[in-house]
Structures are given as C-alpha cells and as structure tokens.
Amino acid sequence: MFTHLEAETSRALAAYLQEKYELTAPVVTEQPKDPAFGELALPAAFALAKQLRKAPKAIAEELAAGLRGVPGIAAVEVAGAGYLNLRFDRGAYAEGLLRGYERAGAPPAGKVIVEHTNINPNKAAHIGHLRNSVLGDTFVRMLRGAGRTVEIQNYIDNTGVQVADVVVGFRYLEKKSAEEVAALARAPKFDYYCWDLYARMSAYYTDNPEAIQWRRDTLHAIEHGEGELAALGHLVADAIVECHLTTMWRLGIAYDVLPRESEILHLAFWSTAFEQLKERKAVYLVEDGKNKGCWVMAAHHFRDHAGEEAGDDDAKVIVRSNGTVTYVGKDIAYQLWKFGLLGKDFHYRPLRTYPDGHVAWVAAPDEGDPAAPGFGGGTEVYNVIDSRQSYLQDVVVAGLRALGYEEQAERSVHFSYEMVALSPRTCVELGIPLSEEDKAKPYVEVSGRKGLGVKADDLIDKLIEKAKAEVDARHADKPADERLRVATQIATGALRYFLLKFTRNTVIAFDLQEALSFEGETGPYVQYAAVRARNILRKLEERGETLPDFAAALTGASLGRQLAAEEFWQLLLNASKSEKALKTALESGEPAQFARYAFTLAQAFNAFYHDFPILAEKDPEKRTFLLWLASYFHSQLERTLAILCIPAPDYM
RNA sequence: GGGACCGUAGCUCAGCUGGAUAGAGCAUCUGCCUUCUAAGCAGAGGGUCGCAGGUUCGAGUCCUGCCGGUCCUACCA
C-alpha cells in the first residue's frame with residue numbers, strides 16, 4: 001500500500017512536470033525524518049530551482065497543485081525551504097490494507113541464479129561459512145518474496161588442493177586404508193575429524209617441505225579421477241558435503257543443485273570455454289618472461305587503470321605452463337554455463353530430500369537421472385563470495401566481456417561480503433592460543449589451515465543449550481521435546497539475525513557473548529514480539545471469543561476515527577512498510593536493511609503491546625480496531641520473519 | 001609499488017541514489033510485573049561523524065590531500 005501510494009505520487013508529479021514545464025525528470029520521494037511532517041516528502045523543488053530560476057519555495061507552491069488530486073492523498077503542504085510534504089488519507093489507507101489491494105507490476109521475468117556456501121569439502125563448516133550461507137539464503141528468500149524465480153547453487157570443489165591435503169593426511173600421515181577411512185566417514189562428526197587432520201597436515205608441510213610432493217601426486221590423481229587416491233578423494237568430499245548439508249539445514253538452508261568440479265573436469269567444460277577464449281583472443285600464449293608458456297588474460301580486461309601496454313607479467317595466468325588450468329579458468333567455464341552460454345550441461349542425480357520434500361540435485365559422473373529438472377541458464381547471476389576474492393571475480397566477469405557477452409557480464413554480480421574474524425576476547429574464551437602480534441590486533445582471522453575458528457555446529461549447539469536453559473526456566477510445565485524445539489528455533493533466530501545485522505562490507509569481529517545474546521537488537525527480540533502478538537489472539541479464543549470479521553466490522557470511517565490518534569497511525573504505517581523495506585533492501589543488495597526493518601517492526605509492536613491492553617478495552621469500536629491492528633502486526637511480523645527464515649516459536 | 005575497503009556515542013554498528021534537529025543495540029544510571037509473558041517498556045547521561053581543504057541552496061554522505069587500520073595484488077583455491 002505504501003509503495004503503491006509512493007508510485008502513484010511519483011507518477012502524478014512526473015506527469016505534472018511534463019505538462020506544466022515540459023520537464024522529464026525522475027521524481028524522488030523520501031520518508032520525512034520527523035513523522036509530524038507527514039508520510040511522504042518530495043524535494044523536487046530544490047532540483048528545479050536552478051533550471052526554473054525561482055526560489056524552491058515558490059516552485060513547491062506551484063507543484064503542490066499537481067498533487068492535490070491524487071487518490072489517497074489527503075493533504076499537500078509546503079514546508080521548510082521548499083519541501084512538499086504529503087499526508088495520506090488514513091481511513092482510506094487502512095481500508096486498503098484491510099481489504100487487500102493489487103500489487104502493482106509483475107516482477108521481471110527470467111531466472112536468478114544465486115550461488116552460495118561453496119565450502120571446500122575437506123573440513124567442518126565454520127562461522128565464516130555461515131555468514132556466506134545465511135547472507136545468500138536470505139537474499140534468495142528476499143528475491144522470492146519479491147516474486148522472482150531463483151535457483152540456488154552450491155559449488156563443490158571436490159578435486160582441489162584442500163581435499164587433496166586431507167587425502168594425503170589419511171594416506172601418509174595416518175596410513176589409513178580406504179576401509180578405515182570409509183568407516184570414519186560413516187561415523188558422526190567426520191567433518192570434525194577432518195578439521196583436525198587438515199590442520200595437522202598443513203603443519204606437517206611447514207615442517208617437512210618435501211612432503212609437498214605427496215600433495216602434487218595426490219592432486220594429480222584426483223584431478224584425473226585415477227586410482228585409489230582419487231577414490232579416497234571422492235569418499236572424503238562426498239561425506240563432508242553431507243555434513244555441510246546437514247549443518248546448513250539446521251538453519252533452514254537448502255540448495256537446488258550442487259555442481260561439482262569433478263564433473264566440470266570430466267565433461268571438459270574448460271576445453272570448450274578455452275576454445276572460445278582463444279578464438280576471441282581473450283587469452284594468449286606468453287612467449288617470454290616469468291609467465292613463459294602460460295595462457296594468460298591481459299590485465300586491461302579486468303583492471304580499469306591498466307593500459308594496453310601493461311606487460312605479460314601483469315596478466316592473469318589462466319593455463320599454467322604445464323598445461324593445467326587454474327581455478328579461475330574453470331570458474332569462467334562455470335559462469336558461462338550458469339548463463340547457458342557454454343553449450344554443455346551436467347548430468348544430475350538426486351542427492352538429498354529435505355524434510356519439507358525439497359530435493360537437492362548434484363552433478364553426476366555419468367548418465368544421471370532423466371527426471372532431473374533443468375538447471376543453469378539464468379538471466380542474472382549472484383555469486384556470494386567473500387571480498388578477498390574480488391580480484392578473481394573481476395577476472396571471471398572480464399572473461400565474459402572478452403567473449404562478447406557484455407549483457408551477461410553486466411548481470412554477473414559478485415555479492416561480496418567481508419570476512420568473519422574472532423575478537424581476541426573470544427579467542428581467549430575458546431582457548432585459542434594467540435601470538436603477541438595477534439593480541440594487538442582488533443580481530444584475529446580464522447584459518448582452516450591452522451584449524452583456528454568456531455565450528456558452525458559447535459556454535460549452534462551452544463546457542464541451543466543457552467536457549468534451552470531460558471525456555472526451561474520459563475516453561476517448566478511444557479513437554480521436554482517441545483521445549484527443545486522452541487530452544488532450537490530461538491537459537492536459529494539468534495544466529496541468523498546476528499549474521500545479518502551487519503552490512504556486507506563490515507568485518508564481523510565475532511564475539512561469543514554478543515552472538516549468544518537474546519536481548520536488544522537480536523533475533524529472539526523479533527520472535528518474542530511475534531509470540532506476544534499471537535498470544536493476544538490466542539487469549540481471545542481462550543476466553544471463548546472469536547476474532548471479528550474485520551472486513552465487515554471496520555469501515556473506512558471507523559478506521560479514520562481511530563487513526564486520528566497519532567500513535568495508532570504511526571504504528572499502522574510502520575507495520576505496513578514491509579514491502580517498501582523489502583524493495584529498498586533488494587535495490588541496495590543489503591539483507592541487513594531488511595533484518596533491521598524486522599527489528600523496528602518488533603520495536604513498534606512491543607511499544608504498542610505495552611501501551612494498550614487490548615483485551616481489556618471497553619469501547620467496542622476501539623477494541624475491534626486494536627484487535628485488527630494486533631492481528632495485522634502479527635501477520636506482518638510472521639511474513640517478515642519468514643523471509644528472514646527466522647522461525648516464529650509457539651511460546652518463549 | 002598498484003588496487004579496494006574501513007575510520008560515526010565508552011563498546012558493536014545503522015545512516016537508502018547529497019536533504020529538515022546524526023540514530024539503534026550493548027554497557028552505566030533511574031523508574032515500571034495484581035494486567036494480553038519483564039527475552040519487555042519508559043527515561044537519563046554519552047558526538048570535533050579520523051584531520052584539512054574543495055564542490056553547492058545544503059555534506060556523515062560527493063571530490064582532493066594527509067593520518068590511522070585492514071584485505072587483495074600466486075603457474076593456491
């Protein structure tokens with residue numbers, strides 16, 4: 001409703017500008033800082049002052065006339081130095097919300113592909129991976145909330161160095177047979193086991209540099225899919241992927257398809273892309289210098305300031321002198337596939353059916369399942385990858401551009417975010433040893449190689465444990481399994497909100513105490529508001545009453561009477577802005593903005609809840625109105641929480 | 001050396017494409033449970049928006065320089 005009026009206002013003013021001044025300018029609308037100024041503000045007069053050579057205030061007076069007839073607008077005022085402030089017809093606005101209104105405009109066609117998670121399948125997921133997944137998953141839900149079709153991809157680098165290192169660890173460090181590893185992989189917490197092994201193996205390389213040859217041999221075997229080392233690689237990677245899927249599902253995160261590097265190699269995606277790149281002269285063979293014998297992409301493709309004269313040494317190596325392709329090269333091929341530009345496709349088999357019936361598919365080594373849906377072929381692609389990889393993401397986009405896929409390059413978005421580090425205090429708390437150098441830093445970077453970090457499952461367990469204690473203290477009368485379920489929901493809400501409250505380019509210095517907080521700007525705060533709203537409605541039923549048929553019981557006139565009270569109007573207005581909040585958050589690509597809206601919505605409701613004992617209200621019209629407001633808040637809170645994938649518990 | 005990001009209250013962070021009196025949470029202090037659950041509400045204190053210039057009706061927001069911090073800049077991923 002709010003966005004509808006906003007659009008109508010902009011359209012009316014644009015038409016008026018055209019008619020009166022023959023100007024075609026985009027109309028900017030703002031939400032006034034002070035609610036006393038009204039619901040919408042237009043600073044248009046300021047922008048026109050120079051062109052029309054008149055004082056902004058005088059222009060605003062003229063423009064006001066063009067807005068007076070807009071349906072739903074009750075008043076147009078000129079304020080300040082030349083603002084146009086609009087006031088809505090409160091009764092009509094509420095009636096629009098009550099009776100439902102048509103959402104204007106269909107969402108853009110085409111499939112959006114969002115790639116997120118992408119954890120190397122060689123160790124347990126940690127807090128940094130969670131930020132990626134929660135950010136990606138929430139963004140997906142926001143897009144779907146706005147009506148877009150979205151496909152979620154989780155790329156599995158199952159043939160990389162990291163998997164190889166764990167295989168080396170099993171084979172040479174622990175001297176385990178394939179059967180022994182298989183037994184470990186079937187046991188719980190295989191990902192934890194590998195976490196430690198990977199850290200030990202990394203340390204071993206440092207002390208025994210000659211061991212690097214093991215890595216080379218193993219990597220070669222894995223890449224070529226040959227022998228028992230390759231089989232071991234698959235065994236490890238597949239088992240770890242299962243662990244990751246399970247961990248992520250604890251937070252409600254699921255995937256549509258898991259493309260894998262092994263199939264990208266097997267199906268020779270790269271050679272197809274390589275032919276295209278050579279043909280378009282996007283890459284060339286270096287004859288001399290440090291990159292001699294490599295196929296490289298010239299720096300000017302991906303760096304703004306690099307001139308054509310930038311040398312071979314600045315170029316990005318795509319194919320090594322030994323003929324193997326780098327990760328970026330494969331990534332270019334993969335990005336082409338995402339847009340349906342490669343002319344090749346994976347085979348797929350179902351990997352997992354989630355409890356809600358959703359199926360995640362995975363790239364299959366051979367024929368695959370004919371029932372598989374079509375994947376890839378998107379019109380927009382978002383890659384949720386941390387900001388440290390922006391250089392490589394630039395190269396990928398440059399690859400598309402160099403091939404002439406300008407439009408797809410434009411629609412390739414590196415949805416970047418800053419890393420999650422650990423606050424020194426939290427390191428101490430977790431018993432992580434810190435060097436003197438680390439202690440002086442504002443935060444300590446997590447490192448899988450060093451085995452330094454907070455594992456996702458550990459953190460979730462801790463949150464559940466804490467929430468369980470709170471629930472137990474408050475609801476000792478409820479069944480234990482139910483209390484555990486509620487505690488799990490609270491933990492999920494706390495964690496998802498915590499990871500979302502920071503904007504993407506803020507480094508999170510993870511602080512355990514802060515993350516474990518359920519008060520203030522947190523997920524549980526928002527959940528609590530939803531629970532309270534529901535309690536009012538439930539209490540009503542417990543008293544033998546039924547919820548009124550609001551559409552019949554409330555009219556524009558009665559709504560107008562009640563909304564004459566400023567506080568009621570502000571509450572309703574606030575509650576009605578979820579669509580607006582979603583729109584601006586999507587435009588800026590910041591899930592944090594939408595999370596923040598959820599918080600302000602909960603704040604508004606909590607104030608309302610405190611100030612107006614609804615069930616005790618004596619005046620019938622007011623009571624009906626308050627009930628409607630409460631149920632409207634309730635539905636808005638639940639809708640908002642649903643998009644954030646924060647569960648709404650039955651009680652707290 | 002080159003590129004990118006960050007610097008806002010004691011702490012952690014918001015501040016949408018430049019707009020009206022710079023916000024929130026935490027922490028500190030003071031009130032509020034006989035009421036639809038206090039995981040809550042109300043209030044107080046707390047600011048040279050790193051520094052200096054510039055652009056204009058208007059700058060936390062844009063430009064330049066400086067100071068401080070971080071990341072990237074592999075024939076690793």
Side-chain angles (χ1 to χ4, degrees), chain A residues 26 28 30-34 37 41 43 46 49-50 55-56 79-83 85 120 157 160-162 215 219 261 290-296 303-306 314 316-322 324-328 330-331 386-392 394 416 418-419 421 423 441-443 445 467 470-471 474-475 490 494 501-503 505-509 511 513-514 517-522 524-525 527-529 531-540 542-543 581 583-585 587-588 590 592-593 596 599-600 602-603 606-607 609-616 630 651-652:
Chain A
V28 176
E30 293 169 7
Q31 300 180 61
K33 198 149 244 177
D34 186 340
F37 294 144
F46 296 111
K50 192 170 256 178
Y83 272 100
N85 289 336
N120 264 301
D157 181 7
V161 183
Q162 296 209 21
R215 172 196 274 175
L219 189 59
E261 187 163 77
K290 71 166 189 176
N291 289 334
K292 182 177 178 186
C294 297
W295 286 86
V296 302
R303 211 173 282 158
D304 287 347
H305 303 289
D314 286 338
K316 174 67 198 168
V317 172
I318 305 296
V319 177
R320 304 182 185 103
S321 54
N322 66 5
T324 59
V325 58
T326 59
Y327 183 83
V328 207
K330 284 176 274 193
D331 229 18
D386 84 79
S387 62
R388 286 172 291 192
Q389 299 200 42
S390 61
Y391 168 67
L392 296 175
D394 286 348
S416 73
E418 278 289 348
M419 64 180 171
S423 74
K441 289 183 176 175
Y443 47 78
E445 206 171 330
E470 300 277 346
V471 176
R474 282 158 227 242
H475 302 282
I490 292 168
K501 69 193 277 194
F502 303 91
T503 50
N505 64 358
T506 298
V507 177
I508 299 180
D511 188 86
Q513 282 185 35
E514 220 178 294
S517 168
F518 297 157
E519 287 165 22
E521 198 198 335
T522 64
Y525 177 95
Q527 292 174 309
Y528 190 57
V531 165
R532 287 173 132 190
R534 225 180 72 103
N535 276 353
I536 296 172
L537 308 176
R538 186 162 56 198
K539 208 78 178 182
L540 188 78
E542 282 173 16
R543 292 186 184 186
K583 187 166 167 257
T584 54
E587 278 165 3
S588 59
E590 282 291 4
Q593 281 183 11
R596 193 162 284 270
F599 174 65
T600 60
Q603 263 185 324
N606 274 331
Y609 181 90
H610 182 264
D611 292 344
F612 302 97
I614 296 165
L615 298 181
Y651 53 85
M652 282 177 76

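Predicted model only: the values in this text are computed from it and were never measured. Atom set for the values below is all heavy atoms of this structure, side chains included, hydrogens, waters and symmetry mates excluded. By convention in this document, chain letters (A, B, ...) are assigned in the order of the sequence lines, proteins followed by strands, and residues within each chain are numbered from 1.
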Any N/O donor-acceptor pair, A:N85 side-chain to B:A20 base, under 3.5 Å: yes

Short side-chain N/O contact to B:A38 OP1/OP2 from A:R532, under 4.0 Å: yes

Pairwise C1' distance, B:A59 and B:A52 [rounded to whole Å]: 15 Å

Sugar-phosphate only, base, or nothing, as touched by A:Q527 at under 4.0 Å among non-hydrogen atoms: nothing

Any A:R474 side-chain nitrogen or oxygen under 4.0 Å from OP1 or OP2 of B:A39: yes

side-chain N/O A:R543 vs B:C36 OP1/OP2, d < 4.0 Å: yes

Pair A:F599 and A:Y525, ring centroids less than 6.0 Å apart: yes

Touch class at under 4.0 angstrom, heavy-atom based, for A:N120 against every strand present: sugar-phosphate

Side-chain N,O (A:Q603) to OP1/OP2 (B:G25) below 4.0 Å: yes

hbond_proxy A:S387 side chain to B:C5 base (donor-acceptor, 3.5 Å cutoff): no

Touch class at under 4.0 angstrom, heavy-atom based, for A:L540 against every strand present: nothing

5'-most by nearest nucleotide on RNA chain B - A:E521 or A:E445: A:E521

Atom C1', compared across B:C33 and B:G40: separation rounded to whole Å: 10 Å

Rounded distance in Å between the P positions of B:C6 and B:G43: 34 Å

A:Y391 over B:G3, stacked by centroid distance under 5.5 Å, angle under 30°: no

Sugar-phosphate only, base, or nothing, as touched by A:L537 at under 4.0 Å among non-hydrogen atoms: nothing

C1' atoms of B:U28 and B:U64, separation to the nearest Å: 42 Å

N-O pairing of A:K501 and A:E514 below 4.0 Å: no

Derivation of the side chain to side chain donor-acceptor pair (under 3.5 Å) call for A:T506 and A:T503: CA-CA 6 Å; A:T506 298; A:T503 50; 3.1 Å; yes

P spacing across the pair B:G7 / B:G50, given as an integer number of angstrom: 7 Å

Touch class at under 4.0 angstrom, heavy-atom based, for A:K292 against every strand present: base

Sugar-phosphate only, base, or nothing, as touched by A:Q593 at under 4.0 Å among non-hydrogen atoms: sugar-phosphate

By ring-ring contact (aromatic ring centres under 6.0 Å, His included) - contacts of A:Y528 (at least two apart): none

Atom C1', compared across B:C13 and B:U17: separation rounded to whole Å: 22 Å

A:Y327 side chain near B:A77 phosphate (N/O to OP1/OP2, under 4.0 Å): no

Distance test, side-chain N/O of A:T506 to OP1/OP2 of B:A14, below 4.0 Å: yes

Interatomic distance at P, B:U8 relative to B:G69, whole Å: 14 Å

From A:N291, A:V296, A:L392, residue fulfilling side chain to side chain contact (heavy atoms under 4.5 Å, CB included) relative to A:K316: A:L392

B:G46 and B:C41, which share atom name P, separated by this distance in whole Å: 23 Å

Presence of A:Y609 side-chain N/O under 4.0 Å of B:A39 phosphate oxygens OP1/OP2: no

5′-ward residue of the pair A:G160/A:A41 relative to RNA chain B: A:A41

Test salt bridge (charged side-chain N to carboxylate O under 4.0 Å, His left out) applied to A:R596 and A:E521, step by step: CA-CA 9 Å; A:R596 193 162 284 270; A:E521 198 198 335; 3.7 Å; yes

Distance test, side-chain N/O of A:N535 to OP1/OP2 of B:U37, below 4.0 Å: yes

A:R538 and A:N535: side chain donor to acceptor below 3.5 Å: yes

Touch class at under 4.0 angstrom, heavy-atom based, for A:V325 against every strand present: nothing

Consecutive-pair stems (3 or more, Watson-Crick or G-U, under 3.5 Å) for RNA chain B: B:1-7 with B:67-73, B:10-13 with B:23-26, B:28-32 with B:40-44, B:50-54 with B:62-66

For the student: nearest non-hydrogen atoms of A:A602 and A:A529, plus distance: CB-CB, 3.7 Å

Atom-to-atom span, CG of A:L219 to C1' of B:A77 - whole angstrom: 10 Å

